[in-house]
Structures are given as C-alpha cells and as structure tokens.
Amino acid sequence: MTTTHDPVGSLPNWAVGLSGDPDGADAVDWGDVVPGQRPQQGEPVVEQLPAFKAGGSFFQDVPATPPAVWGAGSDVLWAEGEALLIAAPQGVGKTTLAHQGIRARLGLQDSLLGYPVTPGKRVLLLAMDRPSQTRRAGARIFGQDDPKFLDEHLVVWEGPPPYDLAKRTDILAAMCARANADTVVIDSIKDAAIGLSDDAVGAGYNRARQKALAEGIQVLELHHLVKRGPNGAAPNTIADIYGSTWITSGAGSVILLWGEAGDPVVNLRHLKQPMDEVGPFRLVHDHPAGVTTVQHTADLLELARAGGVHGLTAITAAEVINETKKVTPAQKMKARRRLDKLTASGHLVRIDPTSPGDPARWFPAE
C-alpha cells in the first residue's frame, strides 16, 4: 500500500493512531485529525456538539440554483455539498471520465463535456479498484502535466482503505483531513465497503459519505450496475444501480454510462439531478488523447427552426432527446420543461393551441 509523494512532508503512516477492534463500528481514534473529534472520557457529550442553525436562515437563505462543482446555471451535474455518483459497467469509461474531472478540479482544464468545473485546492484519489489499470488510464490523461504541480495538488491512496468505510464511518473524512484535500474521488464504492447489497452496509457507507460532505469535502464516487436491465435491455433507472438503496439515496446527482466494454462511443443519462436534467448524451472517448467529448445531444432550438411553420411540439422534442418513438409521459414533461426554459431565456416563443386536443408549439424567437 503506497501513497504519492507529499511535497509538504512525508504523509504519516495511515495506521498510526488506529486502535480498537478493526471490525468494530467507529472504533478508531484519529486524534486531532478527525473533524469534530470525540470527547475525552468524562466530558459531557453535549458540550462537544456543533452549534445549531437558525431555521429562518436555513430555509430562506437558499440560492435559486445550487452552487456547482460541475455545471452552469440550472444544468448542474455535481452540486457543492452533494455527492456525485457515476455508475457504469466495466470498461465503458467511468474512470476515464473521473480522471478528467480530477484534472478540471485541479484547474488543468476549465470544463468537462462542455460544462465548467470549479477548481478546488487538492484532490485525494482512492485508487482501490485495480490501481494498476487506473495508473495506465491516468498516464494518458495526466502524462503531459507538470509532475511538481501534480505532487502538490493530487494525493493517491493505492489499494483498499485501512478499514471498511461502512464500519468506520469517520475514516473517509479523516483520510481527507490527513491529505489536506477538499475533494475525494472514490474508485470504487465496492472496494470501500463490503456487502453493499445489505441496507445496513449501504447506510453505513452513506454515513461516511455524509460526514465527509459535512466537513466541506466534495465527493465523487464510481460504482457499478446490475448486469442488464429487464429482458436484456440497457439499464436506465436508479434501480439498475447495484446495491442498497441508501447508496443512491444519499447521492445528490447520479450519472449512468452505458455501452459495451471498450466501446469508444457510450451513452450518458442523468438519472438523478440537483436541478435540471442534463442530456442524455452520446459520448466519444478518445482514449489515446485522454479526452471525452459529446458527439450527440438534441438541439431544440435547431429542431424548432427545422419545424418551419409547424414549429416543435413537446412530443417531437421528447422523441429526439430520448431517441425513441415510444415516449413516456415523464419524458414528454421533461421535454416541455426544457422548451419552457428556452422560452424563458428568450430563445423560443410558445404558441398555445386554439383547438382542444391540439398541442402547444414552440418557434424560434426571431
């Protein structure tokens, strides 16, 4: 088990300060590196509680759109203070996408898939799932960057964590504190906790995640799917993500990638959103260059122009967005919201029907 070089000074042995039964929940004492350290023997626990928040400011001092780690306006893929979970089968590029997210978080690129990424201070990568493959994938993405800069701003934990994160729920936040990181990338959840299909394990892992978030750590997680959807179809729902419901319930945003292992072209769906749904997209992985781009997304403004005197209906928009002729009511509603958003921004004009049963139509504002 190794870590990267720490330019501030050698990272301490992660085992120092650990005590108690390795399999006991929260039986670890990390000393003063654990945020909100546990009270000393004999101290009243209540005196160690953080301050409560006033209800008025808690509910009313809320921005119209959440501050984004990744995203712009109401198109938020990763919100501050909420975990982003990227789920995919093996070999379709979730680690490739995450490494580009790390690079953007380090300020080495300003966007990912065309959406801006807010730079952070330091990233801790938990390279637990096949770290040798992770190194090879990262070499293509970080190979041309300044090694001294990477040493200063990127710290790597290689192999399994020192304890099961679902049992030792303070460990994740403590590791981030030791690494002086404001962002953690977990590759992957299956290596962080054992028995993820068990709700007790899922709840324990979520507690570890929430403790890190409470300390101001931005959390990006990689995870796996069930093998296929119903009747062999492509998975496209939260239920298709492996494990306890508490894994997805505790995430603020969930992205699903789907394709065959090694495919350069894969599909992205935004299954759970902090604000508006982003995509769906068709992505192209340029593996030699270490770059992922959007190959296809529905341009509703262009569709409205192409509609001429007939304009664009919500059903037609939903068919193009979802690449299907069997549009569900939910897909139609989401398409209508996107059209109304373009109307509010002044790009489209909505004309309501004059006859019962006719659909509303959208036209270019010009």
Side-chain angles (χ1 to χ4, degrees), residues 65 71 73-79 82 84-89 92 94 113 115 223-243 245 247-249 251-260 263 265-283 294-307 310-345 347-348 350-353 355-363:
T65 57
S74 60
D75 293 334
V76 180
L77 294 115
W78 183 6
E82 301 180 26
L84 166 61
L85 188 153
I86 301 176
V92 300
K94 58 184 179 293
L113 305 183
Y115 291 89
H223 194 35
H224 294 80
L225 303 174
V226 294
K227 291 185 177 180
R228 292 269 178 179
N231 301 317
N236 59 9
T237 69
I238 290 285
D240 295 316
I241 295 175
Y242 178 78
T245 186
I247 296 171
T248 52
S249 296
S253 183
V254 177
I255 289 173
L256 184 150
L257 301 180
W258 178 253
E260 296 298 329
D263 278 356
V265 180
V266 300
N267 295 315
L268 179 151
R269 296 191 65 89
H270 196 189
L271 298 184
K272 184 178 181 181
Q273 313 87 26
M275 286 291 289
D276 292 345
E277 180 181 4
V278 178
F281 295 145
R282 190 179 299 131
L283 305 182
V294 176
Q295 181 191 60
H296 168 78
T297 183
D299 187 334
L300 299 186
L301 184 57
E302 189 58 38
L303 285 172
R305 289 195 183 100
H310 302 288
L312 177 63
T313 66
I315 288 180
T316 301
E319 289 174 346
V320 175
I321 290 170
N322 296 283
E323 298 182 321
T324 181
K325 287 293 183 180
K326 297 180 179 180
V327 172
T328 66
Q331 290 170 335
K332 180 181 176 183
M333 179 64 71
K334 289 178 180 179
R336 183 181 292 116
R337 289 174 181 167
R338 290 174 66 168
L339 291 166
D340 285 339
K341 182 179 176 182
L342 288 170
T343 302
S345 66
H347 292 88
L348 293 178
R350 173 175 170 159
I351 305 298
D352 290 320
S355 301
D358 286 346
R361 297 178 184 273
W362 283 261
F363 298 86

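Worth knowing before you read on, the calculation uses all heavy atoms, side chains too, and leaves out hydrogens, waters and symmetry mates.
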Looking only at non-hydrogen atoms, find the nearest pair between V226 and P235 and report the distance.
-> O-CG, 4.5 Å
With A360 via side chain to side chain contact (heavy atoms under 4.5 Å, CB included) - residues at least two apart | R350, D352, P353, W362
Distance in Å, T248 OG1 paired with L271 CG, rounded so as to fall on 0.5 Å steps | 9.5 Å
Using a cut-off of 6.0 Å, state whether more than 12 heavy atoms not belonging to L303 lie near its atom CG.
-> yes
Which atom names give the shortest non-hydrogen contact between V92 and P89, and what distance separates them?
-> CG2-O, 3.5 Å
Measure the spacing between CZ of R337 and NZ of K334 and express it to the nearest 0.5 Å.
-> 8.0 Å
Rounding to 0.5 Å, atoms OG (S253) and CE (M275) come to a distance of 12.5 Å
Identify the heavy atoms of R336 and A314 that sit nearest to each other, and give their distance.
-> CB-CB, 4.2 Å
Please examine the side chains of H347 and K341, heavy atoms only from C-beta on, and report whether any two atoms are closer than 4.5 Å.
-> no
Kindly determine whether L300 and I321 satisfy side chain to side chain contact (heavy atoms under 4.5 Å, CB included), including the steps that lead there.
-> CA-CA 9 Å; L300 299 186; I321 290 170; 4.1 Å; yes
Check: I255 and L268 side chains under 4.5 Å, non-hydrogen atoms = yes
Can you tell which of L339, L312, D340 makes a side chain to side chain contact (heavy atoms under 4.5 Å, CB included) with L348?
-> L339
From L342 CG over to L301 CG, what is the distance, rounded to the nearest 0.5 angstrom?
-> 6.5 Å
Please answer whether the main-chain N or O of A251 pairs with a side-chain N or O of K272 as donor and acceptor at a distance below 3.5 Å.
-> yes
Kindly give the heavy-atom pair with the smallest separation between H270 and V76, and that separation in Å.
-> CE1-O, 3.3 Å
Have a look at V254 and tell me which of I238, I86, L84 forms a side chain to side chain contact (heavy atoms under 4.5 Å, CB included) with it.
-> I238
Given side chain to side chain contact (heavy atoms under 4.5 Å, CB included), test I247 with L85 step by step and report yes or no.
-> CA-CA 9 Å; I247 296 171; L85 188 153; 3.8 Å; yes
Can you tell if the side chain of N267 reaches within under 4.5 Å of the side chain of L283, non-hydrogen atoms only?
-> no
Rounded to the nearest 0.5 Å, how far does CG of L225 lie from NE2 of H223?
-> 8.0 Å
Can you list the steps and then say if R269 with N322 is a side chain to side chain contact (heavy atoms under 4.5 Å, CB included)?
-> CA-CA 10 Å; R269 296 191 65 89; N322 296 283; 3.5 Å; yes
With distance as the sole test, does R361 use its side chain to make a donor-acceptor pair with the main-chain N or O of H310 at under 3.5 Å?
-> yes
Flag side-chain contact, heavy atom, 4.5 Å: I315 against P359 | no
Kindly give the heavy-atom pair with the smallest separation between Q273 and E277, and that separation in Å.
-> CG-CA, 3.5 Å
So, for A88 and K94, which heavy atoms are closest and what is the spacing to 0.1 Å?
-> O-NZ, 3.5 Å
